[in-house]
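Keep in mind that the numbers below use all heavy atoms, side chains included, and drop hydrogens, waters and symmetry copies.
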Amino acid sequence: MNPAPFDLSRIGAGLPVAAVTGELRAALAGGVAVVQAPPGSGKTTLVPPLVAGHLHDRSGDGPPARVVVTQPRRVAARAAARRLAHLSGTRVGELVGHTVRGDRRAGPRTLVEFVTPGVLLRRLLEDPELTGTGAVVLDEVHERGLESDLLVGMLAEVRQLREDLVLVAMSATLDAPRFAGLLGDGAPAPVVDCPAALHPLAVHWASAPGRRTDERGVTREFLDHVARTAASAHAQALARDAATDALVFVPGAWEVAQVARRLRERHRGVEVVELHGRVGPAEQDRATAGRGPGDPPRVVVATSLAESSLTVPGVRLVVDSGLSREPRRDAGRGMTGLVTVAASRASAEQRAGRAARLGPGEVVRCYDERTWAAMPAHLTPELAAADLTGAALLLACWGAPGGRGMALPDPLPPAALAEAVAVLHGLGALDAQGRATATGRLLATVPVDPRLARGLLDGARLVGARPAAEVVAMVSDDHRPPGGDLSRLLGDLRAGRAPDARRWAEEARRLEGIAAGLLRSGRPAPGTAAPTGGNGVPGDAVVGAVVALALPERIARRAGDSWLLVSGTRAGLPAGSALAGHEWLAVADVTRAGGAAAAGTGAVVRAAAPLDRALAEQCAEHLLTDEVRARFDGDRVTARRVRALGAVELSATPVRAPREAARAAVRAALAEHGTGLVGWSDAAEGLRRRLGLLHHHLGAPWPDVSEAALAARLEEWLAPELDALAGGARTAGVDLTAPLRRLLPWPQAGRLDELAPERLAVASGSRVRIAYPPADDPGRRPVVSVKLQECFGWAASPTVADGRVPILFHLLSPAGRPLAVTDDLASFWSGPYAQVRAEMRGRYPKHPWPEDPWTARATARTARRA
């Protein structure tokens, strides 16, 4: 038998997870295992070569199969490969390799390959059996990335076909049993637990004096606070132990740069290192390599990347902003993007734990204990908050539309899934049954969002493969151009002036090759808007054209101080943006925001490029409509012939409304605003209230006349009036009394005045109107407001609705002001009346206030005339 490929004793030296290697080997005998170990325990370093050894032992003298290990981020995949290659005494690309977007270093001898989840997903679509792969290790599954969650379900299905495939999931938190249940075949997979080996950890609180975030994101004042706190805490720690390095957590790359700059200005004699997803390999190595002899103390400023994906050695101090950047959907505005939110308490615990791996450590939290208590317990799974368009396409290509029947950690949210499916139908990527079409499978081969894939391929036909690839590479990498101007950013990238220009150029070349190859293959292009080989787009409109092809629903036209998107969303522009002078824009990124930039819309365009109307219509041809739109404004029906691009009107001409369109407009207006839009006369409202009370207390056959019930039965009681309004009549000529009578039940209608009379004869002989409760609140009591003197001697308690509902009397003074409320006149005369008499007879001496109201004559007149 060939010798084992890895020296596990050397690789695992000093790693806590080495203590459970025997247990893990036993678990691997069943083909599936879940490893639960905290960050820094060495699971990413030791478990993959151990699994490779297991495959080696199983293969005998045959060729060993490869172990594919997923890492949630490119920077983590590269770092893990470099670390394991170094420990195995080889170079990256030999025994250990990596494959991430735009960078592959692996060969035929590679036994352990670190990849991002997206790379493995596309391999599965191309080769569902994963030929040549003997094991898959899903690392950091606790982070609940969308692609990692999809892999759990897909690999569980693959293993049903390939029992020899070894699956290992690794989690840094206590949710391992969830994944054990999903990956196990009939019974949960064994869980190998490596307990945390933390040293004592001191927790300090350093609350910020102001807000941490505002409508624009993290405040500069809070970043100042984080930098001051980190500098002070690190200086104090160095005074106690000169070997102390610090790790500062902030939410994103921009915040990393801001805090690092402030630290360099105020914390002299210390090396400040930045660590986030965009740093290059050299910067990664500086951050993840230990401090050498004679090196200055270090402060590493990092995003959540350093929570669990990467280990930063030598850290004894953690400074935590308590913020995180997570994807969020705004379904109402059709927007998705990264949003700064409070980190979860689980994430904060992982961050703090980085300080206590090597010995006693401390964490300084830049917030107070009250904020800590309000933080969510766990992070939000990405699938619960992200755009699902790419995921829905992958699942359709896999043969499981919507994830039906798959063992996913959580089901896809129905509303977000329906929205994604609608987008894919618009791209022609799905058929009526939700299965992937040829276009959908083509778009799935391009490693970007399906909409950007459409922009790349159609854009290559319209403006050329190179410009289209440059634009898609720029938009897909979440750049934030100054003033939101993508054309300016593209110029800076081409000139090498923008950050990450080198990485952008590499990605653009890769996408150019993909686009050119697909076009040369003669495979059908996804869209129909772009003529083959076209070069007629002006240079200053190239960016806008590609963005519009990718995101036609985000084409926008100026509407006063804001811009109206084809989707119906309104948004403002950043102050001073050069885009403000353009009537048409192709918007790549629009996010929720407040402040002056939003112009009262609640949203701001973060990235866009100029466009003209002709290109807008060409790129979004499928969204063009030409139709007659009728509208009922509560007075009469009007109509216009409208040519529109989604919600953006291009032209409108007044026309006479077709009868059906006019009826539909009236029905829609009444359904939205209620029947009150037509107007209830006093007589109609009175009848409606009487019917409402009878329906409430007597039930059928008396009709329900609530707003909802009337709206649902418009054609039954209002049909002639709908025809009249649709024909041009005005609402002033419509009285709803007669239409309402169409709902009266016969022959019971003959008892309407008996059961719910309009007026009540009181003791004085007057006939007083009964005020019935509103039809939408019929449970209240009917009321008769009458002067007290008109009820002398009256002991009866009148009722309506066949004696079921007593009338409530509001007894009034001679001036019409309330004196008493009662539904029991006999009790009133025998008790409260005496006090009312004592208070009122001096105020109203001309009116009768007899001591004995039982024998007095009821009258509506003064005492002299009575």
Using the side chain to side chain contact (heavy atoms under 4.5 Å, CB included) rule, take Glu326 and Val339 through it: C-alpha gap first, then chi angles, then the decisive distance, then the call. CA-CA 5 Å; Glu326 299 178 10; Val339 178; over 6 Å; no
So, [X] and [Y], do they make that salt bridge, N to O below 4.0 Å?
{"X": "Asp589", "Y": "Arg606", "answer": "no"}
{"X": "Arg503", "Y": "Glu506", "answer": "no"}
{"X": "Glu274", "Y": "Arg264", "answer": "yes"}
{"X": "Arg144", "Y": "Glu382", "answer": "no"}
{"X": "Asp320", "Y": "Arg354", "answer": "no"}
{"X": "Arg73", "Y": "Glu143", "answer": "yes"}

Can any side-chain N or O of [X] pair as donor or acceptor with the backbone N or O of [Y] at less than 3.5 Å?
{"X": "Arg104", "Y": "Thr99", "answer": "no"}
{"X": "Ser304", "Y": "Glu307", "answer": "no"}
{"X": "His142", "Y": "Ala172", "answer": "yes"}
{"X": "Thr229", "Y": "His225", "answer": "yes"}
{"X": "Arg365", "Y": "Gly322", "answer": "no"}
{"X": "His267", "Y": "Ser232", "answer": "no"}
{"X": "Glu147", "Y": "Gly118", "answer": "yes"}
{"X": "Asp492", "Y": "Ala495", "answer": "no"}
{"X": "Thr110", "Y": "Glu113", "answer": "no"}

I'd like to know whether [atom1] of [X] has more than 12 heavy-atom contacts from other residues, nucleotides or ligands below 6.0 angstrom.
{"X": "Arg101", "atom1": "CZ", "value": "yes"}
{"X": "Arg497", "atom1": "CZ", "value": "yes"}
{"X": "Arg83", "atom1": "CZ", "value": "no"}
{"X": "His204", "atom1": "NE2", "value": "yes"}

Mind running side chain to side chain contact (heavy atoms under 4.5 Å, CB included) on Glu255 and Leu223 for me, showing each step along the way? CA-CA 7 Å; Glu255 290 83 4; Leu223 294 177; 4.0 Å; yes
Heavy-atom check, side chain of [X] versus side chain of [Y], under 4.5 Å:
{"X": "Val248", "Y": "Val299", "answer": "yes"}
{"X": "Val35", "Y": "Cys194", "answer": "no"}
{"X": "Leu275", "Y": "Val312", "answer": "yes"}
{"X": "Val166", "Y": "Leu28", "answer": "yes"}
{"X": "Val152", "Y": "Leu138", "answer": "yes"}
{"X": "Glu140", "Y": "Ser148", "answer": "no"}
{"X": "Val168", "Y": "Val34", "answer": "no"}
{"X": "Pro251", "Y": "Ser324", "answer": "no"}

Could you walk me through whether Asp57 and Arg25 pass the salt bridge (Lys or Arg N to Asp or Glu O under 4.0 Å) check? CA-CA 11 Å; Asp57 295 343; Arg25 283 193 179 96; 5.8 Å; no
What's the separation between atom [atom1] in [X] and atom [atom2] in [Y], rounded to the nearest 0.5 Å?
{"X": "Leu46", "Y": "Ile11", "atom1": "CG", "atom2": "CD1", "value": "7.0 Å"}
{"X": "Thr303", "Y": "Trp254", "atom1": "OG1", "atom2": "CH2", "value": "15.0 Å"}
{"X": "Arg502", "Y": "Leu493", "atom1": "CZ", "atom2": "CG", "value": "13.5 Å"}
{"X": "Asp193", "Y": "Leu24", "atom1": "CG", "atom2": "CG", "value": "12.5 Å"}
{"X": "Arg109", "Y": "Leu95", "atom1": "CZ", "atom2": "CG", "value": "6.5 Å"}
{"X": "Asp245", "Y": "Leu317", "atom1": "CG", "atom2": "CG", "value": "9.5 Å"}

Which heavy atom of [X] sits nearest a heavy atom of [Y], and at what distance?
{"X": "Gly252", "Y": "Arg325", "result": "CA-NH1, 3.4 Å"}
{"X": "Pro409", "Y": "Phe179", "result": "CG-CE2, 4.0 Å"}
{"X": "Arg488", "Y": "Pro482", "result": "NH1-CB, 3.8 Å"}
{"X": "Phe249", "Y": "Ser321", "result": "O-OG, 2.9 Å"}
{"X": "Ala346", "Y": "His378", "result": "CB-ND1, 3.9 Å"}
{"X": "Val112", "Y": "Ala52", "result": "CG2-CB, 4.1 Å"}

When the ring planes of Tyr367 and Trp372 are compared, do they come out parallel, tilted or perpendicular, using 30° and 60° as the limits? parallel
Using a distance-only test with no angle check, is there a side-chain donor-acceptor pair under 3.5 angstrom linking Asp139 and Thr44?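 Indeed, the side chains of Asp139 and Thr44 share at least one donor-acceptor pair under 3.5 Å.
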Qualifying residue for side-chain contact (heavy atoms from CB on, under 4.5 Å) with Val301, from Val319, Val226, Val250: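 When Val319, Val226, Val250 are each tested with Val301, the side-chain contact (heavy atoms from CB on, under 4.5 Å) holds only for Val250.
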Salt bridge (charged side-chain N to carboxylate O under 4.0 Å, His left out) with Asp224: of Arg262, Arg261, Arg212, only one passes, and it is Arg262
Run Phe114 and Leu84 through side chain to side chain contact (heavy atoms under 4.5 Å, CB included) and show every step you take. CA-CA 10 Å; Phe114 291 88; Leu84 183 55; 4.0 Å; yes
